[in-house]
Amino acid sequence: MSEYANLLIEDREGARIITINRPKALNALNPEVLNELDQALHSAAADTSVGVVIITGSGDRAFVAGADIKHMQDINAADAYAFASIGHRVFQYIESMPKPVIAAVNGVAFGGGSELALACDFIYASNKARFGLPEVKLGLMPGFGGTQRLMRKIPQGMARELVYTGEPILADEAHRLGLVNKVTEPEALLDACLESAKKILARSHIAVASAKKVMVDGADMTLPQACSVEINTFALLFASDHPKEGVSAFLEKREPKFSK
Ligand code: CO8
């Protein structure tokens, strides 16, 4: 029994799978779901038995069909500000938490669903997945970071066209654009994510967390600033025993055993 009303949690050999579970609303995000996701992510970050997080949606139709449209029917500007802020807080946490987060997009990822996937470190998708930011069709615009993160992940002109038209793209097109790392058959999606997670889990978690931090923080810095952060973070790795173990293992022709 999950401690969450709208999430299912499963651990598989160091990977924590968080499944957004509101199938009747195609896993749409309301404030309650977002707050639960926030809690689940903090809990995964604090749990030393977890090295990678995978986020997916329940059922075979949707990853997440967007922010909850019903929730937005009668809200005012202050409510909208509060709702958008919750989404931003949670999605920024995905970027700042020290463990990689993989989006396993198993169906539609529309609006807030695409925005959630965009905040993850990388995306694997089933060949049934569709991505889109259809907010303008509803008189809205992306409000969970989509206008900013999409532009930073695919060519600007393409991002603008997707936002202005609200038209969806299929998984293969998202792959061609570099938005998605891998496209699989639906039944193979989770295993593909777990396979990638397994490789990450075999590495130094301190090195992976440090690389994530520099890649996320550095993305919006000038190149000299970002490189300077990289030098400092690289040097800091040597405050742990991981470089010694990794380098010794290489020279001794054995697999490294990194401390937890
Ligand atoms: N919110 C709430 N309920 C939803 C949502 C949603 N985003 N999407 C689907 N549902 C519900 C439907 O209302 C329906 O419920 P019911 O059975 O009670 O009528 C159920 O899920 C199944 O949906 P459909 O019958 O429509 O299923 P179809 O297979 O015919 O269509 C689609 C599937 C194509 C995914 C269709 O449901 C759809 O187009 N959904 C809306 C997609 C969308 O526009 N998403 C963007 C929402 S706006 C947004 O995300 C803004 C983010 C920023 C917010 C900032 C805060 C202020």
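Remember, it's 1-based here, ligands and their atoms both numbered in the order they're listed. Keep in mind it's a predicted model, so treat the numbers as computed, not measured.
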Distance flag for [atom], protein heavy atom under 4.0 Å:
atom                    : value
atom 45 (N) of ligand 1 : yes
atom 23 (O) of ligand 1 : yes
atom 57 (C) of ligand 1 : yes
atom 39 (O) of ligand 1 : no
atom 19 (O) of ligand 1 : no
atom 53 (C) of ligand 1 : yes
atom 36 (C) of ligand 1 : no
atom 27 (O) of ligand 1 : yes

Salt bridge check, [Y] against [X]: does any charged N sit closer than 4.0 Å to a carboxylate O?
X      : Y      : value
Lys137 : Glu167 : yes
Lys182 : Glu195 : no
Glu255 : Lys257 : no

Could you list the atoms of ligand 1 found under 4.0 angstrom from a heavy atom of [X]?
X      : value
Gly111 : 46 (C), 50 (O)
Pro134 : 43 (C), 44 (O), 45 (N), 46 (C)
Gly66  : 50 (O)
Ala80  : 57 (C)
Met72  : 48 (S)
Phe83  : 56 (C), 57 (C)

Quick one: does any side-chain atom of [X] pair with a main-chain N or O of [Y] as donor and acceptor, under 3.5 Å?
X      : Y      : result
Thr233 : Ser210 : no
Asn35  : Pro31  : yes
Ser248 : Lys244 : yes
Arg130 : Leu170 : no

How far is [atom] from its nearest protein heavy atom, and which residue and atom name does that atom have?
atom                    : result
atom 1 (N) of ligand 1  : Ile69 N, 2.9 Å
atom 17 (O) of ligand 1 : Lys24 O, 4.5 Å
atom 5 (C) of ligand 1  : Ala25 O, 3.9 Å
atom 9 (C) of ligand 1  : Leu26 CD1, 3.9 Å
atom 13 (O) of ligand 1 : Lys70 NZ, 3.8 Å

Handout entry: Sequence neighbours excluded, every pair satisfying ring pair (Phe, Tyr, Trp, His ring centres under 6.0 Å) that has a member inside residues 142-165
Key =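 Counting only pairs at least two positions apart or across chains, the ring pair (Phe, Tyr, Trp, His ring centres under 6.0 Å) contacts touching residues 142-165 are Phe83-Phe144, Phe91-Phe144.
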Handout entry: The one among Leu138, Asn27, Thr147 that brings a heavy atom closest to atom 48 (S) of ligand 1
Key =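 Of the listed residues, Leu138 has the closest heavy atom.
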Problem - Nearest option to atom 6 (C) of ligand 1, as decided by whichever heavy atom of Gly132, Ala28, Pro31 sits closest - result: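 Selected option, by shortest heavy-atom distance: Ala28.
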Under 4.5 Å between any side-chain heavy atoms of [X] and [Y], yes or no?
X      : Y      : answer
Met141 : Val163 : no
Lys128 : Asp60  : no
Lys213 : Ser96  : no

Can you check whether [X] has an N/O within less than 3.5 Å of an N/O in ligand 1?
X      : answer
Gly143 : no
Phe110 : no
Glu115 : no
Ala84  : no
Ala65  : yes

Practice task
Mind checking the CZ-CG spacing from Arg89 to Leu34? Nearest 0.5 Å is all I need.
Solution key: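 Reported to 0.5 Å precision, the distance equals 8.5 Å.
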Exercise for the section: Drop me the distance from Ile18's CD1 to Ile9's CD1, to the nearest 0.5 angstrom. Expected result: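 Answer rounded to 0.5 Å: 4.5 Å.
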Handout entry: Side chain, backbone, both or neither: Arg61 near ligand 1, heavy atoms under 4.0 Å
Key =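 It is the side chain that gets close, since no backbone atom is under 4.0 Å.
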Handout entry: Apart from Ile17 itself, residues in the same hydrophobic cluster as defined by side-chain heavy atoms under 4.5 Å
Key =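 Val52, Ile54, Ile102, Phe122, Tyr124, Leu189, Leu190, Leu194, Ile200, Leu201, Val208, which link up through side-chain heavy atoms under 4.5 Å apart, make up the rest of the cluster.
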Problem - Atom of Ala171, atom of Ser126 and distance for their closest heavy-atom approach - result: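 That closest heavy-atom pairing would be CB-O, 3.4 Å.
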